[in-house]
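To start, the structure under review is shown below, and the notes come after it.
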Amino acid sequence: MAGRRASPLLVLAVAACGLWLLPGTFVPPMSASARAAGPQEALSMEDAAKLSALSATLVVPQAAEARLPDEFVAFAPIVDVLPILPVFFLLLAFLWQASVGFR
């Protein structure tokens with residue numbers, strides 16, 4: 001069975017969409033007046049970082065108390081054990097190396 005070739009019209013349409021979206025992907029250079037206002041923006045960015053850190057600490061207790069949907073409550077014991085599995089793989093690697101004499 002021979003593979004299908006893409007229609008030239010489809011290729012042109014994808015290329016046109018890419019060229020249409022291309023100017024929005026780049027950030028314009030800063031003007032001299034924007035550079036002069038830089039420290040004030042850095043201060044506001046610092047305040048934004050503090051605010052996001054504060055909101056993250058407020059959200060973490062709620063995330064720790066999140067509940068599974070009712071359909072998956074039966075799997076709660078498995079879900080509780082899943083975060084420990086990488087530690088078991090690490091211990092298994094040490095056990096394997098001990099069995100081969102740490103070669």
Holding to side-chain contact (heavy atoms from CB on, under 4.5 Å), I want the full list of residues that pass it with Pro69, two or more places apart in sequence or in another chain. Glu71, Phe72
On a heavy-atom basis, which atom in Val79 and which in Leu68 lie closest, and how many Å separate them? CG2-CD1, 4.2 Å
Between Val81 and Phe89, is there shared hydrophobic-cluster membership here, with clusters defined by ILVMFWY side-chain heavy atoms closer than 4.5 Å? no
Do Ile84 and Leu90 belong to the same hydrophobic cluster, where Ile, Leu, Val, Met, Phe, Trp and Tyr are linked whenever their side-chain heavy atoms lie under 4.5 Å apart, directly or via other members? no
For Trp20, side-chain contact (heavy atoms from CB on, under 4.5 Å) partners two or more places apart: none
Using the rule that Ile, Leu, Val, Met, Phe, Trp and Tyr join whenever any side-chain heavy atoms are under 4.5 Å apart, tell me whether Phe75 and Leu82 fall into a single cluster. yes
Enclosure of Leu12 CG (heavy-atom neighbours >12, cutoff 6.0 Å): yes
